[in-house]
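Below is one structure, written out as structure tokens; comments come after it.
As the structure is a prediction and not an experimental result, all values here were calculated from the model. The chains referred to below are lettered A, B, ... by the order of the sequence lines, with proteins before strands, and numbering in each begins at 1.
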Protein chains: 2
Amino acid sequence: MRGNLFAVGVDLVVLTVRGDDLCVLLVRRTEKPFENSWGLPGGFVAPDEDLPDTAARELAAQTGAGTAGRVSGHLEQIAGYAAPDRDPRGRVLSVAFLALLPDMPDPDQPDVVSGWHPVADVADLAFDHAQILADGVERARETLEYTTLAAAFCPPEFTVTDLRRVYEAVWRTEIDPRNFSRKVTSTPGFLVPTNRHVTGGPGRPAQLFRRGPATRLHPAMLREPAVRVG
Amino acid sequence: MRGNLFAVGVDLVVLTVRGDDLCVLLVRRTEKPFENSWGLPGGFVAPDEDLPDTAARELAAQTGAGTAGRVSGHLEQIAGYAAPDRDPRGRVLSVAFLALLPDMPDPDQPDVVSGWHPVADVADLAFDHAQILADGVERARETLEYTTLAAAFCPPEFTVTDLRRVYEAVWRTEIDPRNFSRKVTSTPGFLVPTNRHVTGGPGRPAQLFRRGPATRLHPAMLREPAVRVG
DNA sequence: TCAAAAGTGTTGACCGTACACCCATGT
DNA sequence: ACATGGGTGTACGGTCAACACTTTTGA
């Protein structure tokens, strides 16, 4: 006895950092149920397709071709969601994926059915997408503590300040620029210096870096300072 | 268009610590495919059942009634697995769950179709269960670093040494007993002293503790010492 | 010359490790 | 008495937060 059958979809929590805000890609639904509500982008798993393939395909379709194969960016599974009443059409299991992308310039013609929304402003998503979004954001916050994945939010070349703004936007905190610079540049394999500098703005030109091979951050970058007793 | 339909199952990575070994609960399959192979316990999701319900039901069925409702123990989702060829019977998506349990005495009559196996000795599981097991063990190892969940492996009352043996078995390392004791007893909310002591063995009697309300461990308990440069 | 941003030096608090040492019990 | 394991004291080194200070640019 095999239980009943499910439709299986993939939903994407696509995050990027724009200015000071952590933003999520939402689409406006054009069909029932939840017609005209905002929801996470996603789609059903095709025959002979594995879950990461579906996620990469949907991500490319929603954000422009080739994204999944780029050097920067990141795609990982969050969890499966299968509450019996999560979709009024029947039993639908959705596997959520988290994608982290560098900020991209707005398309020439602003798209009314798809766009970036600061996660702090999001409310009332379709299905259980609010929960999935919350889980994805929390996953991203945790991941930044222990890995070098913040660089996935940055373009191929970036400054230490770009990287710091990622942490500040995702964690909604402020970080001391001097100590942050020392920490990330002294972690072996996190940042590879290019010896080129950005110029144009006020102040001393900042050096440009690329992502290094390191993936784990030891010791961790902690969101909250260690508990002070006394 | 909704893609094709899947059977959806739940597979369990049930871990416990016996002596010096991290052990996993395996069942010997009695049906095709992979008849007579060892595999993870699991089952299909019933109508109107959510994934955690299925996991809890299967866990109770495999380990004895009431386990899911106990104070100790832990159950969390690992990930969904849906490679097109993972089950020769057709498309089956499996959501894996990680369960951490205190060691239980062996049943009176040893069960030939179900039993605890040191994870270091496990090889050749059915389906993609070897991968699922590896993911679950890695999740458990990470979780112990940043949370107080090691106590989920312990009975309701336990000594600091019991807790240390959990870390040592899961991480396959040795930890200094004196510093470990200081660390865990000084973390607020990790351990609640009962003022009772275990007696009988050699040496000074150890104090018995219960789990405290804390869930996060700050600062983390690190598996490997911080990277030494130079 | 000034403002702004990048980056370095330094200090004190805290944490982890290592290990000497004492405590409490069974044999 | 001695072995065994539980637990405390302490010193050293590393990391972090804070912040004074220097460097390098644009206006």
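Taking side-chain N and O atoms only, A:Thr185 has no distance below 4.0 Å to OP1 or OP2 of C:dG7. Contact annotation: B:Thr199 side-chain N/O to C:dG26 OP1/OP2 distance is under 4.0 Å. Contact check, A:Lys183 against D:dC16: a side-chain N or O comes under 4.0 Å of OP1 or OP2. One finds a side-chain N or O of B:Thr161 lying less than 4.0 angstrom from the OP1 or OP2 phosphate oxygen of D:dG6.
For A:Glu145 and D:dT15, the CD to P distance is 18 Å, given to the nearest whole Å. Look at CZ on A:Phe180: it is 15 Å from C1' on D:dA17, rounded to the nearest Å. The distance from atom NE2 of A:His197 to atom P of C:dA5 is 18 Å, rounded to the nearest whole Å. Rounding to whole angstrom units, CG of residue B:Asp176 and P of C:dC19 are separated by 9 Å. At whole-Å resolution of the value, CG in A:Leu163 and C1' in C:dA6 are 15 Å apart. Protein atom CG of B:Asp162 is 9 Å distant from nucleotide atom P of D:dG6, rounded to whole Å. Between the NE2 atom of A:His218 and the C1' atom of C:dG16 there is a distance of 14 Å, given to the nearest Å. In this structure, the CD atom of A:Glu174 is 14 Å from the P atom of D:dA17, given to the nearest Å.
The residues B:Asp11 and B:Arg86 are annotated as salt-bridged, a charged nitrogen and a carboxylate oxygen being separated by less than 4.0 angstrom. Looking at B:Arg223 and B:Glu138, a side-chain N of the basic residue comes within less than 4.0 Å of a carboxylate O on the acidic one, giving a salt bridge. Salt bridge annotation for B:Glu174-B:Arg165: absent, with no cationic side-chain nitrogen under 4.0 angstrom from a carboxylate oxygen.
Contact of A:Arg204 with D:dG26 (side chain to base): no donor-acceptor pair of N or O atoms is detected under 3.5 Å. For A:Arg182 against C:dG9, a side-chain-to-base donor-acceptor contact under 3.5 Å is present.
In this structure, A:Phe127 and A:His129 have tilted ring planes: the angle between them lies in the 30° to 60° band.
Heavy-atom distances to DNA chain D give each of A:Arg178 and A:Gly200 a nearest nucleotide, and the one nearer the 5′ end belongs to A:Arg178. Residues A:Pro202 and A:Asn179 each lie close to DNA chain C; by heavy-atom proximity, the contact nearer the 5' end of the strand is made by A:Pro202. A residue-by-residue look at B:Phe209 and B:Gly203 shows that B:Gly203 has its nearest nucleotide of DNA chain D further toward the 5' end.
For A:Arg172, the CZ atom counts as loosely surrounded, since its 6.0 Å shell holds 12 or fewer non-hydrogen atoms of other residues, nucleotides or ligands.
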